[in-house]
Amino acid sequence: MTLYELYKAELRKPTAGERFIAEVARVTHKSAVSVRRWLYGYTEPDELTKTVLADHFNTDINTLFPPKEA
C-alpha cells in the first residue's frame, strides 16, 4: 500500500487525516507541509526518510513509494 493509500484509508475515520499527517511528520522529523507534498506526489522524501517510513509502516520502500512510470 502506498503512502497515499495509507492516508486515504485513514481518512475514513473522523479527523484521522490530520493525525496521519502529524504522525508521519513526527516520525520523519519533517513538516506537515512536506508530508502533504509527498502524499500528493509533488515531491518525494529522501532515501533515508523513505527507509524510516517503510520501517514505521512495516513495509518496503517500493511498496510505499512505487517507481514512477516512464
Side-chain angles (χ1 to χ4, degrees):
M1 191 175 280
T2 68
L3 185 63
Y4 183 74
E5 290 168 341
L6 287 170
Y7 171 68
K8 292 299 271 188
E10 285 296 310
L11 285 179
R12 295 184 188 117
K13 303 171 192 170
T15 70
E18 287 304 312
R19 282 191 306 226
F20 181 84
I21 290 169
E23 174 187 354
V24 171
R26 180 186 55 77
V27 167
T28 60
H29 299 281
K30 307 292 184 183
S31 71
V33 172
S34 292
V35 174
R36 284 186 185 91
R37 288 180 182 147
W38 304 336
L39 290 171
Y40 293 108
Y42 298 128
T43 61
E44 279 197 8
D46 57 68
E47 292 302 312
L48 178 60
T49 302
K50 287 180 181 180
T51 302
V52 168
L53 287 171
D55 288 344
H56 180 72
F57 289 112
N58 198 30
T59 188
D60 64 275
I61 293 172
N62 288 327
T63 300
L64 206 53
F65 297 95
K68 303 237 186 225
E69 296 178 18

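Only heavy atoms go into these numbers, but all of them, side chains included; no hydrogens, no water, no symmetry mates.
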Lys50 with Glu47: basic N within carboxylate O range, under 4.0 Å
yes
Provide the closest heavy-atom pair for Thr49 versus Asp46 in the form atom of the first, atom of the second, distance.
N-OD1, 2.8 Å
Where is the tightest heavy-atom contact between Ala25 and Ala32, given as atom of each residue plus distance?
CB-N, 4.1 Å
Which residues, ordered by chain and number, are linked to Leu39 in its hydrophobic cluster, where ILVMFWY side chains connect at heavy-atom gaps below 4.5 Å, directly or through other members?
Met1, Leu3, Tyr4, Leu6, Tyr7, Leu11, Phe20, Ile21, Val24, Val35, Trp38, Tyr40, Tyr42, Leu53, Phe57, Leu64, Phe65
Can you tell me which residue among Thr51, Asn58, Val52, Thr59 is in a side chain to side chain contact (heavy atoms under 4.5 Å, CB included) with Asp55?
Thr51
Gap separating the CD atom of Glu10 from the CD atom of Glu23, nearest 0.5 angstrom
7.5 Å
